[in-house]
Amino acid sequence: MSKPAIPSVHTGDIRTDLVMSAVKQTLDEITGQARNIGRLAPLPATATTAQIIDRLNAIIERLQ
């Protein structure tokens with residue numbers, strides 16, 4: 001399921017626009033839209049501990 005892009009907000013109020021711009025940038029980074037990063041595919045039920053750790057590290061990297 002793809003996520004729609006977050007639109008830019010231009011309210012005319014500079015403070016609101018700055019906050020919304022920061023929120024958009026952060027969410028685009030987390031979802032991978034800012035860098036055109038592909039989806040993280042679900043792991044199979046038979047995933048090894050090493051595969052789980054790799055996937056968790058990929059999620060943490062996106063969140064930081």
Side-chain angles (χ1 to χ4, degrees):
M1 172 203 249
S2 67
K3 305 284 187 258
I6 300 167
S8 296
V9 176
H10 303 287
T11 64
D13 177 24
I14 190 70
R15 290 182 187 170
T16 301
D17 291 349
L18 287 173
V19 169
M20 295 306 294
S21 176
V23 170
K24 175 184 172 24
Q25 182 177 2
T26 299
L27 289 174
D28 282 347
E29 288 287 328
I30 291 171
T31 62
Q33 294 214 11
R35 295 175 278 164
N36 291 323
I37 297 174
R39 290 182 56 218
L40 292 173
L43 290 173
T46 58
T48 65
T49 302
Q51 290 171 318
I52 295 168
I53 290 169
D54 286 343
R55 187 60 50 85
L56 182 57
N57 287 335
I59 292 168
I60 291 169
E61 185 176 326
R62 281 195 184 184
L63 293 175
Q64 294 180 348

Exercise: identify the closest heavy-atom pair between Lys24 and Pro7 = CD-O, 3.9 Å
Where do Gln51 and Leu43 come nearest, in terms of heavy atoms and distance?
-> O-CD1, 4.1 Å
Set of residues satisfying side-chain hydrogen bond (donor to acceptor under 3.5 Å, both in side chains) with respect to Thr11, sequence neighbours excluded |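 By the side-chain hydrogen bond (donor to acceptor under 3.5 Å, both in side chains) rule, Thr11 matches Asp17.
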With sequence neighbours left out, write down each residue that passes side-chain hydrogen bond (donor to acceptor under 3.5 Å, both in side chains) with Asp13, or none if nothing qualifies.
-> Thr16
Using side chain to side chain contact (heavy atoms under 4.5 Å, CB included) as the criterion, list what pairs up with Leu18, not counting sequence neighbours.
->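 Checked Leu18 against side chain to side chain contact (heavy atoms under 4.5 Å, CB included); matches are Ile14.
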Should Ile53 and Thr49 be marked as a side-chain contact (heavy atoms from CB on, under 4.5 Å) after you check the CA-CA gap, both sets of side-chain angles, and the distance that decides it?
-> CA-CA 6 Å; Ile53 290 169; Thr49 302; 3.8 Å; yes
